[in-house]
There are 2 protein chains.
Amino acid sequence: MIDEPGGVIVALADPTRRQLLDLMAARGEVTATTLAEALPVSRQAVVKHLAVLDAAGLVSRSRAGREVRYAVRPEALNATARWMAGLATEWDRRLARIKRLAEEA
Amino acid sequence: MIDEPGGVIVALADPTRRQLLDLMAARGEVTATTLAEALPVSRQAVVKHLAVLDAAGLVSRSRAGREVRYAVRPEALNATARWMAGLATEWDRRLARIKRLAEEA
DNA sequence: CCAATGTGCAACTCTGAGGTTGCACACAAT
DNA sequence: ATTGTGTGCAACCTCAGAGTTGCACATTGG
């Protein structure tokens with residue numbers, strides 16, 4: 001109910017983070033520096049956003065020498081989509097029940 | 001890509017708004033004043049949240065005399081769930097394609 | 001070795017969202 | 001008519017988050 005799957009929604013609420021996800025989905029493994037070049041923000045801003053996305057499970061981090069490569073992880077997004085669909089279904093059930101009770105009276 | 005269905009994600013990102021949605025899903029049609037009594041925030045705060053939820057299409061407004069009744073609308077939630085699932089699928093496709101290209105080289 | 005490039009950490013600014021209070025207006029009820 | 005309850009509007013406050021800058025620390029390449 002109150003709980004939302006691991007901060008995914010909050011992570012997706014920011015437009016810059018959504019742009020980052022798009023870029024990563026298009027290019028595969030990329031570094032924060034590369035991503036920053038494609039956006040009108042600094043590298044540090046990108047790093048912070050990537051930390052949020054990582055904490056939400058939406059991206060994976062992997063070191064390769066001195067650089068850190070990031071890539072999207074569809075799993076967390078899929079799980080959240082299922083959670084959301086389930087919630088919508090529950091709302092439907094509850095509304096139907098309330099309507100039924102109203103008509104019985 | 002960048003676009004998110006009508007501000008639904010942003011609306012869901014706030015815990016107070018999620019609580020409001022839960023309450024409405026449980027009780028059916030309720031007023032802002034009633035909702036405020038169940039939460040540790042003022043009525044005005046609730047009204048602002050309901051305005052956001054309304055703009056996102058997550059709730060419906062209906063006047064009944066001097067009071068305004070709100071109720072959840074599962075449709076917008078469902079649409080966003082489908083959008084999100086589709087996005088996850090696209091990520092999967094792109095990642096598979098990138099992986100395939102890497103193996104061909 | 002030295003220069004170049006990518007990362008990590010910390011302090012700082014600043015805007016906007018969430019929240020509050022106060023008051024005026026509308027409708028109900030007795 | 002007047003008291004009570006619900007709503008609407010506006011000004012205000014506060015703080016987390018998005019962004020910046022500056023510098024120190026790794027790692028790679030000539």
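Every chain is numbered from 1 and lettered A, B, ... according to where its sequence line falls, protein lines coming before strand lines. The shown structure was predicted, so the numbers you read here are calculated from the model rather than taken from an experiment.
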Does CZ in Arg73(B) sit with more than 12 non-hydrogen atoms of other residues, nucleotides or ligands closer than 6.0 Å?
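Atom CZ in Arg73(B) is not packed in, count stays at 12 or less.
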
Kindly say whether, by distance alone, the side chain of Arg43(B) makes a donor-acceptor pair under 3.5 Å with the base of dG8(D)?
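Looking at the base of dG8(D), it does pair with a donor or acceptor on the side chain of Arg43(B) (distance under 3.5 Å).
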
Check: Lys48(B) side chain, dG19(C) base, donor-acceptor under 3.5 Å
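Yes, a donor-acceptor pair under 3.5 Å.
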
When we call it a touch if two heavy atoms are under 4.0 Å apart, what does [X] touch: a base, just sugar-phosphate, or nothing?
{"X": "Gln44(B)", "result": "base"}
{"X": "Arg69(A)", "result": "nothing"}
{"X": "Thr33(B)", "result": "sugar-phosphate"}

Atom CZ of Arg63(B) and atom C1' of dA26(C): how far apart are they, to the nearest Å?
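So the CZ-C1' distance, Arg63(B) to dA26(C), works out to 8 Å.
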
Path from Val10(A) to Leu77(A) over hydrophobic side-chain contacts below 4.5 Å:
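No, it is not one cluster - the side chains of Val10(A) and Leu77(A) are not joined through contacts under 4.5 Å.
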
The side chain of His49(B) lies closest to which of these nucleotides: dG19(C), dA18(D), dC9(C)?
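The answer is dG19(C), which lies nearest to the side chain.
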
Residue whose closest nucleotide on DNA chain D lies nearer the 5' end, Pro40(A) versus Arg66(A)
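Whichever sits nearer the 5' end wins; that is Pro40(A).
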
For Ala64(A) and Val41(A), take the nucleotide of DNA chain D holding the closest heavy atom to each; which residue's nucleotide lies nearer the 5' end?
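It is Val41(A) whose nearest nucleotide is closer to the 5' end.
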
Are any non-hydrogen side-chain atoms of Met24(A) and Val59(A) less than 4.5 angstrom apart?
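In contact.
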
CD on Gln19(A) to CG on Asp14(A), rounded to 0.5 Å
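Asp14(A) CG to Gln19(A) CD: 9.5 Å, rounded to 0.5 Å.
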
